[in-house]
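One is the number of the first residue; the rest follow in order along the sequence.
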Amino acid sequence: MTSSERQPENPALGGAGKHAWFSQDRLGMFIHWGLYALGARHEWLKNREELTDDHYQRYFDNFDPDLYDPKEWARRARLAGMKYVVVTTKHHEGFCLWDSKVTDYKAPNTPCGKDLLTLLVDAFRAEGLRIGFYYSLLDWHHPDFPIDVHHPLRNHPDAKALNAGRNIANYAAYMREQVCELLTGFGRIDIIWFDFSYPGREYRGLPGKGRADWESERLVDLVRELQPEIIVNNRLDLPPGNLPDVTTPEQYTPRVAPAIASQGVLWEACHTFSGSWGYHRDEDTWKSPEQIIQLLIDSVALGGNLLMNVGPTGRGTLDARAIGALEVYQSWMEVNGRSIYGAGPSGHPVPAGCRYTQRGNRLYLHVYNWPYRHIHIEGLADRIAYAQFLHDASEVHWLSHAKDVDSNIGVTVPEGMITLELPVRRPDVTVPVIEIVLKA
C-alpha cells in the first residue's frame, strides 16, 4: 500500500492503536544543535547574514564539543517529565550529526571526530525516552539544492546562473539515502520530523519548494517501509487526502484544536524557551516559569502535546538558562504530572482564568489567575465526590446552592453551580492544580 492509499488511524480519538503512546506522554524535548551553535546568534545565521560556504566553513573547522555529555541531557529531560526527544540530525545548514556515508559534511570530519547522534540515541534510550529524528528538507550546503527564497545566496547577482547546474532530483535521492541511514542504523525510531515546505514562496524568479521537489510521496513510502510504526509530521506538502500522523503548530498555541477538513488530528505544538531554536548567547526573551508551564497546560487542554526546545552550546552543554527552565518543568511535573500524562480536553465549561484537563473521572482545574477565596464552577452541581490540591493532596471544600444566604456576608451560589473555597494566599506552585474527583 502506498502512502497516498494508506488510511491513517483517527487522531481525534487521541492517538489510537500504535500511536496511543503519543497522547499518553504529552511532553517531549526538542534539541536544535549544529554548527550554528558556534556562531551563537541564531540557527538561521547563514541565511540571515547571507554567508557563503567559505565563510561558514569556520564553524565546521572549529566544531569540537569537548564537554558533550548526552547522558546529562537525557537525565535532565527525564527529570523534567519529558517522555520523548526529537533531535536535529541535519538542520538547514546541511551539517549531519551522524556518520552519514553519502556526505563528508558531518560531525566525524570535524575536530570532534565522532558520531554524535549514536551517543545521544543511546543515552536517551537508557533514560527511557522514545527517539525522534528531525531532518531538514532544506540544505544550504548541498551542491544540487537550488537557490531559493530561503537560501543564503538568494540575493547573489548570479543566483539564477548558479542554479543552472543544480538538479533537485539528485538532492531528493540524497535525502532518501540519508533517511534510509537514519531509519536503519539506530533501531526503532518513533517520530520523523521533516521541515519544511514552501511551494508558493517565489523570490526574484526563484521558485519555492514543495512535494514535487522533495518527491514527498516516494519519501513517505520509504519511511513507512522501513519503520511501519513511526509517526510522520505534516511538513512534506503531501497532497489533499494524504493526512499526516501529526500536525505541528510552531511558536503559538492554537485557539481551538487543529483540524483538517473538519476532522480532528493528532497535534503537537513546538516552542522554544527563548526566542530562537539554536543556542543564542545574547538573546533575551526567555519565557517566564508561568509561561512555559501554561504552554504545556494549554496544549493538553486542547488535546495536544508540547515539544519544548533546548539549544546546546558549541561545547556541548546546556547553558544555565536552559537548565533553569527545565528545572521549572521538573518541579511542577513532579507533583502535577497526573494532570498531564494521559489527560486531554474536558467538555465542562471552564471558569474564567483557568484551564481544565481530564483523565477518566478526574477533572484537573489549573488556576492561572489566583482569585480571592472563591472559584465559581458551572455544570458540576451534585457531581463532585472529592476535591484536593494536587501538589500536596490537601482537601478543598466547596459550597453548593442554598436559598437562605445573607447577601452582605454570605457567598451566593446559583442553582447548577458549586463554589470552591480557596486559601487567600496562592500555594507556592507555579500553576496550582485542583484535582476534582467526579462521581461515577
Side-chain angles (χ1 to χ4, degrees), residues 32-63 88-97 100 102-106 134-176 178-179 193-216 219 233-238 248 250-252 270 272 275-280 282-283 309 311:
H32 276 64
W33 195 40
L35 300 180
Y36 44 80
L38 296 188
R41 57 187 186 275
H42 203 278
E43 71 283 352
W44 278 57
L45 72 93
K46 187 175 184 181
N47 164 290
R48 288 181 167 192
E49 300 173 23
E50 300 184 21
L51 304 181
T52 64
D53 284 351
D54 287 344
H55 187 106
Y56 204 73
Q57 184 66 24
R58 68 182 67 187
Y59 304 127
F60 186 90
D61 293 341
N62 289 282
F63 186 72
T88 53
T89 62
K90 183 199 81 166
H91 200 252
H92 311 329
E93 64 183 3
F95 175 71
C96 300
L97 293 183
S100 175
V102 293
T103 185
D104 292 329
Y105 204 54
K106 57 188 178 181
Y134 169 111
Y135 183 85
S136 174
L137 301 169
L138 288 69
D139 194 319
W140 300 328
H141 183 266
H142 196 282
D144 275 312
F145 186 89
I147 299 168
D148 59 23
V149 62
H150 294 305
H151 198 282
L153 298 182
R154 62 193 174 279
N155 291 317
H156 193 286
D158 298 323
K160 289 185 179 180
L162 291 172
N163 267 346
R166 300 182 183 224
N167 187 336
I168 190 67
N170 290 343
Y171 175 66
Y174 170 80
M175 286 201 297
R176 287 192 297 274
Q178 290 206 316
V179 167
W193 221 96
F194 291 111
D195 192 34
F196 60 97
S197 299
Y198 45 103
R201 295 290 306 278
E202 181 178 335
Y203 179 77
R204 295 187 173 183
L206 304 170
K209 293 183 176 66
R211 70 180 77 115
D213 303 285
W214 318 133
E215 300 182 25
S216 294
L219 183 58
N233 75 332
N234 64 321
R235 301 193 177 193
L236 279 163
D237 185 38
L238 291 167
T248 56
E250 178 174 335
Q251 295 287 48
Y252 77 98
C270 55
T272 54
S276 61
W277 297 92
Y279 175 63
H280 197 319
D282 303 326
E283 206 280 323
N309 182 76

Side-chain donor-acceptor pairs of residues 198-205 under 3.5 Å, sequence neighbours excluded:
unit_1	atom_1	unit_2	atom_2	d
Y198	OH	D148	OD2	2.4
Y203	OH	N155	OD1	2.5
R204	NH1	N155	OD1	3.1

Contact summary for D144 and N167, nearest pair of heavy atoms
OD1-N, 2.9 Å

Within-4.5 Å side-chain heavy-atom neighbours: L206 and P146
no

Specify whether Y134 and H91 have parallel, tilted or perpendicular ring planes, treating 30° as the upper limit for parallel and 60° as the lower limit for perpendicular.
parallel

Do H142 and Y105 have ring centroids that are under 6.0 Å from one another?
no

Work out which heavy atom in P143 is nearest to a heavy atom in R166; give both atom names and the distance.
O-CG, 3.2 Å

Contact summary for W33 and Y36, nearest pair of heavy atoms:
N-OH, 2.9 Å

Could you tell me which residues satisfy side-chain hydrogen bond (donor to acceptor under 3.5 Å, both in side chains) with D53, sequence neighbours excluded, listed by chain and number?
K46

Any sub-3.5 Å donor-acceptor pair from D213's side-chain atoms to G210's backbone N or O?
yes

Intermediate values then yes/no, side chain to side chain contact (heavy atoms under 4.5 Å, CB included), L238 and R211
CA-CA 6 Å; L238 291 167; R211 70 180 77 115; 5.6 Å; no

Under the criterion side chain to side chain donor-acceptor pair (under 3.5 Å), I'd like the reasoning laid out for T88 against H32: C-alpha separation, chi angles, the key distance, then a yes or no.
CA-CA 5 Å; T88 53; H32 276 64; 5.4 Å; no

So, taking the atom named CD in E49 and the one named CH2 in W44, what distance separates them when rounded to the nearest 0.5 Å?
14.0 Å

From Y171 atom OH to K209 atom NZ, the distance as rounded to the nearest 0.5 Å:
9.0 Å

Heavy-atom side-chain contact between Y56 and P152 under 4.5 Å
no

With rounding to the nearest 0.5 angstrom, report the CG to NZ distance, L162 to K160.
12.5 Å

On a heavy-atom basis, the closest approach of S276 and E283 is OG-CG, 4.4 Å

Would F63 and F95 count as a close aromatic pair, with their ring centres under 6.0 Å?
yes

My understanding is that only residues two or more places apart in sequence, or in another chain, count here; which of them pass side-chain hydrogen bond (donor to acceptor under 3.5 Å, both in side chains) with R235?
D195, T248, E250

Would the distance check show the side chain of K90 and the main-chain N or O of Y135 forming a donor-acceptor pair, the cut-off being under 3.5 Å?
no

Would you confirm whether the ring centroid of F196 sits within less than 6.0 angstrom of the ring centroid of H150?
yes

Hey, mind stepping through Q178 and T103 against side chain to side chain contact (heavy atoms under 4.5 Å, CB included) and telling me if it holds?
CA-CA 9 Å; Q178 290 206 316; T103 185; 3.6 Å; yes

So, the side chain of Q251 versus the backbone of T272: is there a donor-acceptor pair under 3.5 Å, distance only?
yes

Evaluate the criterion side chain to side chain contact (heavy atoms under 4.5 Å, CB included) for residue pair R48 and R41; output intermediate values, then yes/no.
CA-CA 10 Å; R48 288 181 167 192; R41 57 187 186 275; over 6 Å; no

Any donor-acceptor pair under 3.5 Å linking the side chain of S216 with the backbone of L236?
yes

How about W140 and L51: do any of their side-chain heavy atoms sit closer than 4.5 Å?
no

Write down the atom of A172, the atom of W214, and the distance for their closest heavy-atom approach.
CB-O, 4.0 Å

Of all the heavy-atom pairs spanning I147 and A159, show the shortest one and how long it is.
CD1-O, 3.8 Å

Please assess N47 against R154 for the test side chain to side chain contact (heavy atoms under 4.5 Å, CB included), listing each intermediate value before the final yes or no.
CA-CA 9 Å; N47 164 290; R154 62 193 174 279; 3.5 Å; yes

